[in-house]
Amino acid sequence: MLGGYLVREHNGITLVGRIVETEAYLQNDPACHASRGMTERTRVMFGQPGLGYIYFTYGMHHCFNIVTNDEGIGEAVLIRALEPIKGTEAMYAIREKAKRDTDLLSGPGKLCQAFSLTRSENGVDLIESDLIFLEQGKLTKSEAVDVTSRVGITVAVDKPWRFFIKGNPFVSKGRPSSKETAP
DNA sequence: GGGAAGATGTTCT
DNA sequence: GAACATCTTCCCT
């Protein structure tokens with residue numbers, strides 16, 4: 001999934017971002033919303049692969065996931081950061097706080113705001129939709145994938161399920177949540 | 001430049 | 001009523 005493109009048509013403007021950072025959430029993973037069974041909120045995660053699962057958290061932020069496993073299995077990949085490719089002017093207009101390109105999409109809450117993804121887009125079919133969909137892309141020769149533990153969680157912090165393009169400036173600044181104790 | 005805490009609403013116990 | 005897959009601001013170094 002890293003290196004692919006997320007395309008969003010909004011108000012007649014095309015926004016494109018390249019996926020540079022993701023996290024995996026599996027069903028038997030305590031940090032995954034679906035680990036405690038299906039609820040009203042996590043229903044989409046148990047749907048067919050290719051759906052977009054969007055939830056609201058911390059009172060002011062949305063997070064965008066892509067459902068990955070078969071129907072009946074609650075697993076998804078969180079999109080944590082995108083590299084702005086197209087429509088950056090519209091992103092700046094929405095995100096007034098952003099001063100540089102690296103401020104626009106470098107975090108799950110930021111990219112949802114810039115792409116205008118809210119709960120009303122929850123459950124969208126990324127394969128059928130003309131408004132939100134994915135395009136294929138791949139890593140260049142000089143790019144490498146790095147892996148760390150995940151960010152912003154309090155359980156299963158030792159699971160190395162955060163994937164990102166090594167050295168890419170648009171990866172979020174969040175540090176892995178595993179406790180790094182001095183040797 | 002970096003760490004700590006506040007903001008704020010939905011979901012689940 | 002507590003927790004939360006975060007972002008921003010404020011204050012310190």
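So that the names make sense, note that chain A is the first sequence line, chain B the second, and so on, each numbered from 1.
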Go through the structure and list residues passing side-chain hydrogen bond (donor to acceptor under 3.5 Å, both in side chains) with Asp125(A), not counting sequence neighbours.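 Scan of Asp125(A) (side-chain hydrogen bond (donor to acceptor under 3.5 Å, both in side chains), adjacent residues dropped) gives none.
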Identify, with sequence neighbours excluded, every residue that meets side-chain hydrogen bond (donor to acceptor under 3.5 Å, both in side chains) alongside Glu9(A).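 Here the qualifying residues are Thr14(A).
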Residues in side chain to side chain contact (heavy atoms under 4.5 Å, CB included) with Gln113(A), at least two apart?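 So Gln113(A) forms a side chain to side chain contact (heavy atoms under 4.5 Å, CB included) with Ile94(A), Arg95(A).
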Using the side chain to side chain contact (heavy atoms under 4.5 Å, CB included) criterion, which residues pair with Phe133(A)? Sequence neighbours excluded.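 In terms of side chain to side chain contact (heavy atoms under 4.5 Å, CB included), with neighbours along the sequence ignored, Phe133(A) is linked to Val7(A), Glu135(A).
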For DNA chain C, find the residues of residues 89-111 of chain A with a heavy-atom distance under 4.0 Å and give them by number; none if there aren't any.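 Contacting residues: Arg95(A), Lys97(A), Gly107(A), Pro108(A), Gly109(A), Lys110(A).
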What residues from residues 20-48 of chain A pass a heavy-atom cutoff of under 4.0 Å to DNA chain C?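 Close to the strand are Tyr25(A), Ala31(A), His33(A), Met45(A).
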Could you tell me the separation between the CD atom of Gln113(A) and the C1' atom of dG9(B), rounded to a whole number of Å?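 Rounded to whole Å, this separation is 16 Å.
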Within residues 58-88 of chain A, which residues have any heavy atom lying less than 4.0 Å from an atom of DNA chain B?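 Only Tyr58(A), Gly59(A), Met60(A) qualify.
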What residue pairs, at least two apart or across chains, pass ring-ring contact (aromatic ring centres under 6.0 Å, His included) with a residue in residues 15-37 of chain A?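 Found His33(A)-Tyr55(A).
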Could you see if [X] belongs to whatever hydrophobic cluster contains [Y]? Use Ile, Leu, Val, Met, Phe, Trp, Tyr and a side-chain cutoff under 4.5 Å.
X: Leu126(A); Y: Leu117(A); answer: yes
X: Phe163(A); Y: Tyr53(A); answer: no
X: Leu26(A); Y: Val157(A); answer: no
X: Met1(A); Y: Phe164(A); answer: yes

List the atom of Leu134(A), the atom of Ile66(A), and the distance in Å for their closest heavy-atom pair.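 Looking at all heavy atoms of both residues, the closest pair is CD1-CD1, 3.7 Å.
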Quick one: stems involving DNA chain B, counted as three or more successive Watson-Crick or G-U pairs, both distances short of 3.5 Å.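 Result, WC/G-U stems under 3.5 Å: B:1-7 with C:6-12, B:9-12 with C:1-4.
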Of all nucleotides in DNA chain C that come within under 4.0 Å of a heavy atom of chain A, which is furthest toward the 5' end and which toward the 3' end?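 Contacts span dC4(C) to dT9(C), reading 5' to 3'.
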Starting from the C-alpha separation in whole Å, work towards a yes-or-no answer on side chain to side chain donor-acceptor pair (under 3.5 Å) for Tyr92(A) and Asp103(A). CA-CA 9 Å; Tyr92(A) 275 114; Asp103(A) 296 330; over 6 Å; no
Would you call Glu23(A) and Lys159(A) a salt bridge, taking side-chain N to carboxylate O under 4.0 Å as the test?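 Salt bridge flag = no for Lys159(A) with Glu23(A).
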With sequence neighbours left out, write down each residue that passes ring pair (Phe, Tyr, Trp, His ring centres under 6.0 Å) with His62(A), or none if nothing qualifies.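 If we apply the ring pair (Phe, Tyr, Trp, His ring centres under 6.0 Å) test to His62(A), skipping adjacent residues, the hits are Phe56(A).
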When rounded to the nearest Å, what value does the distance between P atoms of dG3(B) and dA5(C) take?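 That atom pair is separated by 22 Å.
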Which pairs would a plain distance check flag for residues 75-84 of chain A, meaning a side-chain donor or acceptor within less than 3.5 Å of a matching protein atom at least two apart in sequence or in another chain?
{"residue": "Glu75(A)", "atom": "OE1", "partner": "Asn69(A)", "partner atom": "ND2", "Å": "2.9"}
{"residue": "Glu75(A)", "atom": "OE2", "partner": "Gln27(A)", "partner atom": "N", "Å": "3.1"}
{"residue": "Arg80(A)", "atom": "NE", "partner": "Glu21(A)", "partner atom": "OE2", "Å": "3.0"}
{"residue": "Arg80(A)", "atom": "NH2", "partner": "Ser172(A)", "partner atom": "OG", "Å": "3.3"}

So do Val151(A) and Arg162(A) actually touch side chain to side chain, heavy atoms under 4.5 Å?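 Yes; the side chains approach each other to less than 4.5 Å.
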